[in-house]
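Here is the structure we will look at.
Convention: sequence-line order gives letters A, B, ...; per-chain numbering from 1.
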Amino acid sequence: MKSCCGWRTGLCQSAQAAGPPYTARSLMQYRPTDIEPKWQKAWADARVAEIDVAAPGDKLYMLNMFPYPSGDLHVGHGRNYILGDALYRYFRMQGRAALNPMGWDAFGLPAENAAIKRGIHPREWTLGNIGRMKAQFARWGILYDWSKEIASCEADYYRWNQWLFLQLYKRGLAYRGTAPVNWCPQDQTVLANEQVVDGRCERCGALVEQRELSQWFFKITEYADRLDAGLDTLEHWPEKVKLMQRNWIGRSLGADVDFQVPALGHALRIFTTRPDTIFGATFMVLAPEHPDVQQLIADHPDRAEIEAWIANVRNQSALERQEAGKEGRFTGKTAINPFTEEEIPIWLGNFVLPQYGTGAIMSVPAHDQRDFEFARQYGLPLRVVVGPPDGQPVDVAAMAEAFTFKDENGVIVNSGPIDGLPVPRAIERIIQIIEERGLGKGTVRYRLRDWLISRQRYWGTPIPMIYCDACGLQPVPEEQLPVRLPLDVPFTGREGNPLAKHEAFVNATCPQCSGAARRETDTMDTFVDSSWYFLRFVTPRDDEKIFDPALVNRWLPVDQYIGGIEHAILHLLYARFITRTLHDMGLLQFEEPFARLFNQGMIIKEGFKTPGGSWVPPAEVEWRDNKPYRGDTELTAEIGKMSKSRFNVVPPDELIERFGADTERVYTLFIAPPEKEAAWSDEGVIGAYRFLGRVWNMGAAILNAKVSGDVDPRVIRKMHQTIDAVTSRIERFEFNTAISALMEFSNVLGDAVNAGGGAELREAYETLLKLLHPFAPHATEELWSLFGNDGFILTAKWPVADRALMQEDEVVIAVQVNGKLRGQVEVAAPPEEASVWAAVDANEKIQTWLAGKTIVKKIYVPGKLVNVVVK
RNA sequence: GCGAAAGUGGCGGAAUUGGCAGACGCGCUGGACUUAGGAUCCAGUGGCCCAAAGCCGUGUGGGUUCGAGUCCCACCUUUCGCACCA
């Protein structure tokens, strides 16, 4: 272990070492820990990031997704905030009026779990974590407008959740419904479909059960078409996210068709995306949950067995149901295929989903793989109605799988009026016929389901509804908001929601009849909190209304939204939905809340694993022959997400203590393109530190040196090239190459300083400081002030490149012979073709490659390359 | 299974529209300054070769082209998303 001041000692001595001037004796040393807290305090004292939203200016709304206050942040979390801060500082220097707020997604399960485990109140635990995270943001040198801070667990925020709920309720967009829900026996709560991963609870991993419960829903499905169509307007969103949303919404074009069922006396309606194959529908399958099932099997001889089977299927989790494979039961009844007019058997099948379409399908086993498997299993007939374009007949008995022609390559056969049509045309035509004959209609269906917002949990927004025995369900009147979450509840960890046992909370007065009534004890999904918080940031202290429409319509949509890909679907979809509902209420002029979206990649790091699969702390790992061991056991290194269980978390404190926050920032941005996963390397950090040290020492040298004479024109050229490169790269989020451009410039500048300076060196150096500021804000502020500048470099003007001064005066042209590089020639800029060929002719080395050959072709790529093709 | 993205030195990664592959950094090698170095500075660093010349080289195999990391076809690998959605 090195001594506590090892790195400082090193720097001290480097100052005494002989060598180039800028490493020579200087009173100034780069000691980040000496300067960083000073500037953090100065920015905070000057409230540099506070903005008056009512003041005019070239507005820019930047937003990092507000975090769940889980406590300590590691360097992986830092990436998100550091890149946001770099952008923010850049835009400030561009003169933009930038709103950059931060808040806390402060309701949620972990706080409650902490209460149960450690006896600390969720609110106390949450506020404590918020304090620690704020301090960490400050240590990273990250600027937020803290005058706009919000925490969703506070009544002045969540009352507007309740207000929003009431507006949706009024419009029929919030409703109570009975639904089979995912129940986590461990957490004693209902889970949304998306919180169930592989049949297990996303949080605790327990196997999820199905239960029928009465729950609150938001009717997001009513907006499915608009949410889908709106994706096309989001030019500046990652394609990946749009695709994920599109798949999640799952828009399908098809037809609803009625099949008459004599035994029922009415028709069964099915949904299909392939109405063109209806002549091939040889049986029908209903979900076991289908409402007509009881009637269909009422007189079935094996009714008891079928009911037992249905009960069994219904009890299975989604995962178990799928793992069971395809199973079915024949109801004994038939339906009439409206086109062939044949009687076809009606089956029940575990693979038919009750929630999608009508819960009933027509089965076309020849052209749908699922129907094919089911038909083969139960010996049901196949009929081919789509063939290849060459008209070759298909041998049904030999089919190993369904033929699912979906495009022009399929041609309809055996189908009366649509025979001979290619599939897309056939679909259009058959829908026309279906509608003409009154058999059904063309429809659009969505995979998206309504948003289940009820949670049987304490630490969330109380749903503002009252149950009165006399008047029924009653909304809490708006003037009675907020319905406050009581703080004095016991946390036992048993039996669900402690709110339900809080007498003073539960007992309420009916707003209608003033009689005794009961309050709803469910709380809202925390995705409700995050579905509109970006609107609240503009006027966070307004206690009259949810937000100020005029100001919000000026500041939003958010110009740049930054966050993790894990929110690609739900958070963003819910936010887009709520924004539309507020638009429809006349409060917002826009339908899309986030104009630009950026998803940063994860920071990952290696961890060490025993053959048994347990993780080993790095302190216990020994390296022998380049392989990791613990004792005699050879370990495997596995790279992955930072987590305590893997012992691969890098906390920022030690890093900052040793190298400074600026080093962490520069390294984090330099490590990889920000949208990609990046492997953290403890060794790599030193490169960023050395770079900043060189910039620092160079500044000291320039300050101490007598600058005179002419500066090397290459320095000025490089400066303008660097301004241009850094600017365009920041705009394109290419922070890694922006920093490499700054390193190149600093190397050129360093050479010029070593060579004795020049009067314009100071200007070039101050330009370097400005370009570096978004990445290394503390060091650049310090150097800026050491150079005698007033005011923050943060508020200095971003440099502008002079294109004329960027031009090189000599151009190197690569020379190829038959496509292989054989030499280079230099010509004066701007290069002309004739002079390039003259230089090639004069180049002995290249001529040796041409000697004795016949020139077939000469190619000139302006300013870059020539290629001589010879035989 | 369906959909998407990505495969470049020992490592992280560069490379406008096809035009000098490996910028920048880590690591490594040698040197300087040193009692010392996990400090600092200088030089070198894709492979083959003592070196030069040259040859080879961007997952694999083909193709287009004067010219391919980049375009086309087929395949392999990895990661991510969805997963019976009719």
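- For A/Ala672, counting side-chain heavy atoms from C-beta on, the closest listed nucleotide (B/C66, B/C82, B/G13) is B/G13.
- Within the nucleic acid shown, A/Gly357 has no heavy atom closer than 4.0 Å to any nucleic acid atom.
- Nucleic acid contact class of A/Ile361 (heavy atoms, under 4.0 Å, all strands): base.
- Residue A/Val812 is in base contact, counting any heavy-atom pair closer than 4.0 Å across all strands shown.
- For A/Arg447 and A/Trp248, the positive end sits near the middle of the six-membered ring, less than 6.0 Å away and at most 45° from its axis.
- Contact annotation for A/Arg690: backbone-only contact, meaning every heavy-atom pair under 4.0 Å involves sugar-phosphate atoms and none involves a base.
- Spacing between B/G7 and B/A15 at atom P, rounded to whole Å, works out to 12 Å.
- Between the CG atom of A/Leu742 and the P atom of B/G25 there is a distance of 12 Å, given to the nearest Å.
- With A/Phe351 as the aromatic partner, A/Lys326 meets the cation-pi criteria of under 6.0 angstrom to the ring centre and within 45 degrees of the ring axis.
- Nucleotide B/A4 forms a pair with B/U79, judged by Watson-Crick or G-U wobble geometry with both contacts under 3.5 Å.
- Taking only distance into account, the side chain of A/Gln824 meets the base of B/C20 through a donor-acceptor pair shorter than 3.5 Å.
- Nucleotide B/A36 has no partner under the Watson-Crick or G-U criteria, as no pair reaches both atom distances under 3.5 Å.
- For A/Arg447, whose side chain is taken as the heavy atoms from C-beta onward, the closest listed nucleotide among B/C20, B/C56, B/A83 is B/A83.
- The pair A/Glu289-A/Arg321 meets the salt-bridge criterion, with a side-chain N (NZ, NE, NH1 or NH2) lying under 4.0 Å from an Asp/Glu carboxylate O.
- B/G46 and B/C24: their P atoms are spaced 12 Å apart (whole Å).
- For A/Met743, whose side chain is taken as the heavy atoms from C-beta onward, the closest listed nucleotide among B/C24, B/A86, B/G27 is B/C24.
- In a base pair of the Watson-Crick type (N1 to N3 plus N6-O4 or O6-N4) or a G-U wobble (N1-O2 and O6-N3), with each distance short of 3.5 Å, B/U16 is matched with no nucleotide.
- Base engagement by A/Asn867 is indicated by at least one non-hydrogen atom pair under 4.0 Å involving a base atom.
- When both distances must be under 3.5 Å, the Watson-Crick or G-U wobble mate of B/G9 does not exist.
- A cation-pi arrangement, defined by a distance under 6.0 Å to the six-membered ring centre and an angle within 45 degrees of its axis, is present between A/Arg445 and A/Phe271.
- When Watson-Crick and G-U wobble pairs are counted only if both distances are under 3.5 Å, B/A74 pairs with B/U60.
- As judged by a 4.0 angstrom heavy-atom cut-off over every strand, A/Ser681 is placed among residues making no nucleic acid contact.
- Using a 4.0 Å heavy-atom cutoff across all strands shown, A/Leu865 reaches at least one base atom of the nucleic acid.
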Quiz item: Step by step, would you call A/Arg376 with A/Glu373 a salt bridge (Lys or Arg N to Asp or Glu O under 4.0 Å)?
Solution: CA-CA 5 Å; A/Arg376 279 285 151 92; A/Glu373 289 166 20; over 6 Å; no
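- Pairing for B/G44 goes to B/C28, judged as Watson-Crick or G-U wobble with the two contacts each under 3.5 Å.
- Anti is the classification of B/G27, since its glycosidic angle lies more than 90° from 0.
- Mapped onto RNA chain B by nearest heavy atom, A/Leu243 and A/Arg251 fall at different nucleotides, with A/Leu243 at the one closer to the 5' end.
- Shown here are the ring pair (Phe, Tyr, Trp, His ring centres under 6.0 Å) partners of A/Phe735, two or more places apart in sequence or in another chain: A/Phe733.
- Among the protein residues, A/Lys240 comes within range of the sugar-phosphate backbone only, with heavy atoms under 4.0 Å from sugar or phosphate atoms but none that close to a base.
- Rounded to a whole Å, the CG atom of A/Asp682 is 14 Å from the C1' atom of B/C11.
- The base of B/C84 sits within donor-acceptor range of the side chain of A/Lys326, with an N or O pair under 3.5 Å.
- Here B/C56 is the nucleotide among B/C56, B/C20, B/G19 with the atom lying nearest to any side-chain atom of A/Lys820.
- The side chain of A/Gln322 lies closest to B/A83 when the candidates are B/C20, B/G3, B/A83.
- Between B/C42 and B/A53, the distance separating the two P atoms is 27 Å to the nearest Å.
- Note: CD (A/Glu683) to P (B/G12) measures 13 Å, nearest angstrom.
- Residue A/Gly684 is the one, among A/Gly684 and A/Gly250, whose nearest nucleotide of RNA chain B lies closer to the 5' end (criterion: closest heavy atom).
- For the C1' atom pair drawn from B/G22 and B/C66, the interatomic distance equals 24 Å after rounding to whole Å.
- At a threshold of 4.0 angstrom between heavy atoms, the contacts of A/Val856 with the nucleic acid are absent.
- Residue-level contact check: A/Gln816 touches the bases, meaning some heavy atom is under 4.0 Å from a base atom.
- Residue-level contact check: A/Ile686 touches the backbone only, with heavy atoms under 4.0 Å from sugar-phosphate atoms and none from bases.
- In this structure, A/Ser363 reaches neither bases nor backbone, as no heavy-atom distance under 4.0 Å exists between it and the strands shown.
- When heavy atoms are screened at a 4.0 angstrom cut-off, A/Asn747 is found touching the sugar-phosphate backbone but no base atom.
- Residue A/Glu744 is in sugar-phosphate contact alone, with no base atom involved, counting any heavy-atom pair closer than 4.0 Å across all strands shown.
- Residues A/Asp371 and A/Ile361 share a closest heavy-atom pair of OD1-CD1, 3.7 Å.
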